[in-house]
Amino acid sequence: MCGIAGLVIKDGCSYDYLKEYSDRFKKELKHRGPDADGDFIDEKKGVLLSHTRLSIIDISEASNQPFIRDDIVLIYNGEIYNFRELRDELISKGYRFDTQGDTEVLLRAYQEYGEDAFEKFIGMFSIGIFDNRKNLLYLVRDRYGIKPLYYYLDSKKLIFSSEMRIFADFETDEDFKIYFLLFGYLPNLLTTKKRVRTIEKGTIFRLDLTNFSTKIKDFKKTNLDYKKDLDERSIIKQTRELFEQAVRRHLISDAPLGVFLSGGIDSSLISIVASRNLNIPIKTLAVQFNEASFSEERYQNLVADIIGSDHWAHTITYSDFEKSFDDIISAIDQPSIDGVNTYFVSKMAREAGVKTVLSGLGGDELFMGYGYFGKIDNIIRFKKSNILPDSVVRQIGWWTGNERFRKVALLGNKSDLFIYLTMRCMFIPLDISRLTGVNREKIIKMIEELSSGVDFIYSKDYKNTLSRLEMDFYMLGQLLKDADYMSMWHSIETRVPFLDNELAEFVLSIPSRYKYRKAQQKYLLTEAFRDLLPNEIIFRRKMGFTFPFDIWLRERLDFYKEIVRGSRIFDNDFIDKIFERFRMGKTNFSRVWALVVLSAKKW
């Protein structure tokens, strides 16, 4: 796991100019790769590639980057889990290898297969390749967007980076506040800066240095055609086989490895399967709280005892949060209401001597673990029934004080994305307008512009449509970004076995009737491992990896309110109303925390 950044100047520039940028890139991304750094500079062509390394596989200096062979220069962030199979394949074609890691395999695969190489990789990655022979620069991102990659492009310059902090001096796009208040994160391609965007998941961005022209294409579309030739027993059996294979792949490491153990189904199952594939006790990492209603200590200890893990647990208090507040805000790379949990568990992992950890992220999205999956069919029926005209729904929603019903009012809008937002939006458009002064109609139009490809009404399987939306919005926009920048802030690599290419593609291609049962959480996953997962884990009440923010923010609520008021970003009267509703227990803590995040840092 590493940090990558680069700069391309049309028609070349001075070495000193590029070197100055390189020094800045490496300084800003040092936390992502404290073990080594390097750069490649070609002033004649105006190309700079910079890299900071966290050594996980083949920790020798031989695999340091930029990695150069035969006039091809490579930098990349991530892991290729099937690199050994690809290495054997390339050896059979006559290639010789000087290293034992995945970096050289990646470069040689590109050398042999060109752009077709990227669909062969099973793993997580953001890649930069300068092919000096063809005068081409490639930026590539993995299928599910696990590893981030941002870029800015104009007629004379390209800048790219693993993190947005590289673009801190760029002009702010004020519209980002609307999207953030709506979702609690910035969805998909959007960022806080004008003309800075993300490389789309599963795509190849190609820059031709000869004429500074670009081309973007998918390197593989996930197969979403339903499996029609399998019965339930076969589906359960194949799910188990693919999950076990995914975990085995994610255990490849030459550095100390552990598992984030929250006590829920996903992390418990990863811990159990991982322990069955190692010759030594796996290290499990857990956070606990003095607030009993938030602590999952009982379930964490249950799993740790079953597998005999080297279990590390740490109690997080409000005092810890208060002392770390400034550092947490500094670590947030793009605004998000989440990530504080990952900040603390990653900090603990570093203190425990671990460099890479396995996380259960993605399990809820793939195996339908959120409560929304049990509600979506009724929501669609209500939308399609026209029992109440859209205008009436909106009026009732606007005037009631019940926030859940006010979200239902979003069904009065035409775009199908509003169906998703009845479950997932943080502030409704009317409240965003009151906070920011931006016209409500403009906000509605901004939402509609995000709606391309969102189709609930004509979907044959609403739950699967919701699953894919959860992956494209919530998981991609918030969970993966938060996990990346918070873990890398502490120089920790986070791996996500649930997003293994073959496992995820298979699960996405299964009709929801095989995955969802109201009486049993994540039916397909838990049924596949009934012999390993304790009933106490399978049938426990779902909590999620949640911190006691509702309690903690009340400790010094006036202090946090003054941070928000002092920023002068929002309407103060409406701020006071939101904080008062939170004080009275009538609104969720996430709305208050969102205002704090936006106000505590210059975006």
(message) I'd like to know if Lys26 pairs up with Asp39 as an ion pair, taking the criterion as any Lys NZ or Arg NE/NH1/NH2 lying under 4.0 Å from an Asp or Glu carboxylate oxygen.
(response) yes
(request) Assert yes or no for the condition that the ring centre distance of Trp593 to Phe549 is strictly below 6.0 Å. (result) yes
(message) Taking Arg32 first and then Asp484, would you say they form a salt bridge - that is, a charged N and a carboxylate O separated by under 4.0 Å?
(response) yes
(request) For the residue pair Tyr110 and Asp131, confirm or rule out a side-chain donor-acceptor distance under 3.5 Å. (result) yes
(message) Taking the six-membered ring for Trp, are Phe473 and Tyr420 closer than 6.0 Å centroid to centroid?
(response) yes
(message) Looking at Ser451 and Ile447, would you say the former's side chain and the latter's main chain have a donor-acceptor pair under 3.5 Å?
(response) yes
(request) Would you please say whether a donor-acceptor pair under 3.5 Å links the side chains of Tyr485 and Gln334? (result) no
(message) With a 4.0 Å cut-off on N to O distance, would you call Lys217 and Glu115 a salt bridge?
(response) yes
(request) Taking the six-membered ring for Trp and the single ring otherwise, decide whether the centroids of Phe321 and Phe344 are under 6.0 Å apart. (result) no
(message) Regarding Glu163 and His31, do their side chains bring together a donor and an acceptor under 3.5 Å, going by distance alone?
(response) yes
(message) I'd like to know if Glu79 pairs up with Arg495 as an ion pair, taking the criterion as any Lys NZ or Arg NE/NH1/NH2 lying under 4.0 Å from an Asp or Glu carboxylate oxygen.
(response) yes
(message) Check Arg108 with Asp70, please: is the shortest side-chain N to carboxylate O separation under 4.0 Å?
(response) yes
(request) Indicate whether the side chain of Asn211 and that of Ser213 have a donor and an acceptor atom separated by less than 3.5 Å. (result) yes
Using a 3.5 Å cut-off and no angle test, enumerate the donor-acceptor pairs between side-chain atoms of residues 177-186 and protein atoms at least two apart in sequence or in another chain.
{"unit_1": "Lys177", "atom_1": "NZ", "unit_2": "Glu174", "atom_2": "OE1", "d": "2.6"}
{"unit_1": "Tyr185", "atom_1": "OH", "unit_2": "Tyr474", "atom_2": "N", "d": "3.2"}

(request) Output yes when Asp23 and Lys19 qualify as a salt bridge under the 4.0 Å nitrogen-oxygen rule, no when they do not. (result) yes
(message) Between the side chains of Lys30 and Glu28, is the shortest nitrogen-to-carboxylate-oxygen separation below 4.0 Å, so that they form an ion pair?
(response) no
(message) Can you see whether Lys193 engages Thr172 through a side-chain donor-acceptor pair at a distance of less than 3.5 angstrom?
(response) yes
(message) We want to know whether Asp482 and Thr342 form a side-chain donor-acceptor pair, criterion being a heavy-atom distance below 3.5 angstrom.
(response) no
(message) Taking Glu365 first and then Arg468, would you say they form a salt bridge - that is, a charged N and a carboxylate O separated by under 4.0 Å?
(response) no
(message) Do the side chains of Glu171 and Arg195 get close enough for a salt bridge, i.e. N-O under 4.0 angstrom?
(response) no
(request) Indicate whether any N or O donor in one side chain lies under 3.5 Å from an N or O acceptor in the other, for Arg249 and Asn82. (result) no
(request) Go through the side-chain N and O atoms of Asn501 and Tyr144 and say whether any donor and acceptor fall under 3.5 Å apart. (result) no
(message) Under the criterion ring-ring contact (aromatic ring centres under 6.0 Å, His included), I'd like the reasoning laid out for Phe167 against Tyr152: C-alpha separation, chi angles, the key distance, then a yes or no.
(response) CA-CA 9 Å; Phe167 304 98; Tyr152 167 89; 7.4 Å; no
(request) State whether a side-chain donor-acceptor pair under 3.5 Å links Thr284 with Ser309. (result) yes
(message) Looking only at side-chain N and O atoms, does Trp489 offer a donor or acceptor that is under 3.5 Å from a partner on Asp327?
(response) yes
(request) Take Phe498 and Phe243, measure what ring-ring contact (aromatic ring centres under 6.0 Å, His included) needs, and give me the verdict at the end. (result) CA-CA 7 Å; Phe498 280 103; Phe243 183 79; 5.1 Å; yes
(request) Report yes or no: do Ser359 and Thr494 form a side-chain donor-acceptor pair below 3.5 Å? (result) no
(message) Between Glu104 and Arg87, does any side-chain N to carboxylate O distance fall below 4.0 Å?
(response) no
(message) With no hydrogens and no angle check, just 3.5 Å: does a side-chain donor-acceptor pair link Lys201 and Asn188?
(response) no
(request) Compute the centroid of each ring, for His490 and then for Tyr343, and state whether the two points are separated by less than 6.0 Å. (result) yes
